[in-house]
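Residue numbers run from 1 in the order of the sequence given.
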Amino acid sequence: EDVKKVIDALEGTTLRLLIVLAVNTGLRFAELLALDYSDIKDNILYVTKQLSEEAPLDGNGSSMLHITETKTINANRAIPLSESVISEINRHKAVQKAQMAEYGYITNYLFTTSNGTLYYKRNITRSLKRLYKRIGVKYRKFHAYRATFATNLARAGVPIEQTAKLLGHGDIEVTARYYIHVSAEQQKSAVEKIASFTLNAV
């Protein structure tokens, strides 16, 4: 419910797609902010890079943003996109195109500020905190969207090995913690099904 509330509140903004992709692909915050349109081919999202923030060597001035490789080889992955997510991407393109015309910039990145520069994570976090407060949603770290994706895969019965692959986890133990969040009702339903394979057949 909270996720739907946030997405609805972001209607007409370029941040709407950020949340839609976070809960439908499980991408890390830094991976989302590095996406460009060439990363989407034939309804598949290819993850090969991330946005990194580098502090100045002398400790003075602002940090710099760079597009770098993903943090591990396992993080490079291909994630299929549903038709509804593709539709959201097309809506986003239209909003972004109008923004580019209004502010006079051109970009191939999915997520940029109104002058075409890449986002600092802290600025988006600040905007989302304000939004959560305004619409009455409890603040959670951005990683919660990734956790939601993983938990929903578990609820849908996706095998843990496949979930690990979609999340870019090298260690299946990391993925396993999301499976703990699957509701007791669903666990009961699962064991009832297992019992039906043998006990109801007798």
Side-chain angles (χ1 to χ4, degrees), residues 1-37 39-40 43-45 47 49-51 53 65 75 77 79-100 102-103 107 109-156 158 163 166-169 174-175 177-183 185-186:
E1 284 302 312
D2 281 353
V3 172
K4 288 178 184 175
K5 209 170 178 182
V6 170
I7 290 171
D8 287 345
L10 289 169
E11 179 66 44
T13 73
T14 54
L15 289 185
R16 176 184 166 100
L17 183 65
L18 187 74
I19 306 303
V20 168
L21 286 179
V23 293
N24 285 283
T25 65
L27 264 66
R28 297 173 178 93
F29 203 172
E31 293 168 342
L32 286 162
L33 294 182
L35 289 176
D36 64 58
Y37 287 102
D39 296 322
I40 303 165
N43 292 10
I44 296 174
L45 178 60
V47 185
K49 56 190 185 293
Q50 64 182 5
L51 185 67
E53 195 170 331
L65 296 174
R77 57 208 190 275
I79 301 173
L81 300 174
S82 69
E83 289 300 327
S84 57
V85 171
I86 292 297
S87 175
E88 287 285 341
I89 291 168
N90 290 331
R91 288 175 65 187
H92 174 84
K93 273 184 184 178
V95 172
Q96 192 177 37
K97 187 176 179 181
Q99 196 176 67
M100 284 192 282
E102 183 178 353
Y103 294 104
T107 185
Y109 288 106
L110 269 71
F111 305 108
T112 64
T113 66
S114 58
N115 61 9
T117 59
L118 293 169
Y119 274 112
Y120 282 90
K121 287 194 279 186
R122 63 180 175 270
N123 292 341
I124 292 180
T125 300
R126 192 162 42 240
S127 293
L128 289 176
K129 277 183 178 178
R130 285 196 298 264
L131 175 71
Y132 298 154
K133 188 174 182 180
R134 180 169 59 81
I135 65 175
V137 168
K138 180 183 173 184
Y139 171 73
R140 293 177 181 86
K141 290 184 177 177
F142 196 86
H143 192 80
Y145 294 115
R146 178 170 163 82
T148 299
F149 172 72
T151 303
N152 285 341
L153 288 177
R155 287 177 175 146
V158 175
T163 298
L166 288 168
L167 289 169
H169 286 159
V174 177
T175 315
R177 69 180 162 202
Y178 297 114
Y179 278 65
I180 294 167
H181 300 299
V182 178
S183 72
E185 275 183 29
Q186 288 166 313

Chemist: Looking at Y109 and D36, would you say the former's side chain and the latter's main chain have a donor-acceptor pair under 3.5 Å?
Modeler: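 Not confirmed, Y109 side chain does not pair with D36 backbone.
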
Chemist: CD1 of I79 to CZ of F149: how many Å apart, nearest 0.5 Å?
Modeler: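 Answer rounded to 0.5 Å: 6.0 Å.
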
Chemist: Using the rule side-chain contact (heavy atoms from CB on, under 4.5 Å), only one of L32, L110, V95 pairs with L17; which is it?
Modeler: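 Of L32, L110, V95, side-chain contact (heavy atoms from CB on, under 4.5 Å) with L17 is met by L110 alone.
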
Chemist: Are Y120 and L65 close enough that some pair of their side-chain heavy atoms sits under 4.5 Å apart?
Modeler: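 The answer is yes; the side chains approach within 4.5 Å.
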
Chemist: I need the N115 CG to M100 CE distance, nearest 0.5 Å.
Modeler: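 N115 CG to M100 CE: 13.0 Å, rounded to 0.5 Å.
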
Chemist: Using side-chain heavy atoms (C-beta onward) and a distance below 4.5 Å, is D8 in contact with I135?
Modeler: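 Result no, sub-4.5 Å side-chain heavy-atom pair not found.
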
Chemist: How long is the gap from OG1 on T13 to CG on L131, to the nearest 0.5 Å?
Modeler: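 The CG atom of L131 is 8.5 Å from OG1 of T13, to the nearest 0.5 Å.
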
Chemist: Kindly compute the distance separating CD (E88) from CG (N24), expressed to the nearest 0.5 Å.
Modeler: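 Nearest 0.5 Å value for the CD-CG distance: 8.5 Å.
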
Chemist: Go through it in stages, so that I can follow the logic: the residues are D2 and R140, the test is side-chain contact (heavy atoms from CB on, under 4.5 Å), and I'd like the CA-CA distance, side-chain angles, deciding distance and then a yes or no.
Modeler: CA-CA 10 Å; D2 281 353; R140 293 177 181 86; 3.2 Å; yes

Chemist: Compare all side-chain heavy atoms of P80 with those of L166 and state whether any distance is below 4.5 angstrom.
Modeler: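 A side-chain contact under 4.5 Å exists here.
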
Chemist: So, for A34 and D39, which heavy atoms are closest and what is the spacing to 0.1 Å?
Modeler: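 Distance-wise, the nearest heavy atoms are O-OD2, 4.1 Å.
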
Chemist: Got K121 and L51 here, is their nearest side-chain heavy-atom distance under 4.5 Å?
Modeler: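 Not touching, per the 4.5 Å side-chain cut-off.
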
Chemist: Going by the rule ring pair (Phe, Tyr, Trp, His ring centres under 6.0 Å), which residues pair with F29 if we only count those two or more places apart in sequence or in a different chain?
Modeler: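 Ring pair (Phe, Tyr, Trp, His ring centres under 6.0 Å) list for F29, sorted by chain: F142.
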
Chemist: Do the side chains of L33 and I124 get nearer than 4.5 Å, heavy atoms only?
Modeler: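 A side-chain contact under 4.5 Å exists here.
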
Chemist: Tell me whether T117 contacts the main-chain N or O of T113 through its side chain, where contact means a donor paired with an acceptor under 3.5 Å.
Modeler: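 Looks like no, no N/O pair under 3.5 Å.
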
Chemist: Just wondering, do N123 and R126 contact through their side chains at under 4.5 Å, heavy atoms?
Modeler: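 Yes - at least one pair of side-chain heavy atoms lies under 4.5 Å apart.
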
Chemist: Short question: side chain of E31, backbone of G26 - any donor-acceptor pair under 3.5 Å?
Modeler: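 It does not hold such a pair.
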
Chemist: How long is the straight-line distance from CZ of F111 back to NE2 of H92, given to the nearest 0.5 Å?
Modeler: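 It is 5.0 Å, given to the nearest 0.5 Å.
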
Chemist: Is there a side-chain contact (heavy atoms from CB on, under 4.5 Å) between R130 and K133? Walk through the geometry before answering.
Modeler: CA-CA 5 Å; R130 285 196 298 264; K133 188 174 182 180; 5.8 Å; no

Chemist: Would you check if R77 and H169 make a side-chain contact, meaning some heavy-atom pair closer than 4.5 Å?
Modeler: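 Contact flag for R77/H169 side chains = no.
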
Chemist: How long is the gap from CG on L45 to CD1 on I89, to the nearest 0.5 Å?
Modeler: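 Result: 7.0 Å between the selected atoms.
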
Chemist: Between A75 and R28, what is the shortest heavy-atom contact and its length?
Modeler: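 Looking at all heavy atoms of both residues, the shortest contact is CB-NH1, 3.9 Å.
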
Chemist: Report yes if the side chains of E83 and N43 come closer than 4.5 Å at any heavy-atom pair, otherwise no.
Modeler: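 The answer is yes; the side chains approach within 4.5 Å.
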
Chemist: Over all heavy atoms of both residues, which pair between L167 and R146 is shortest? Give the atoms and the distance, please.
Modeler: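 Smallest heavy-atom distance, with atoms named: O-NH2, 2.8 Å.
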
Chemist: So, the side chain of R16 versus the backbone of L10: is there a donor-acceptor pair under 3.5 Å, distance only?
Modeler: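 Here the side-chain-to-backbone pair does not exist.
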
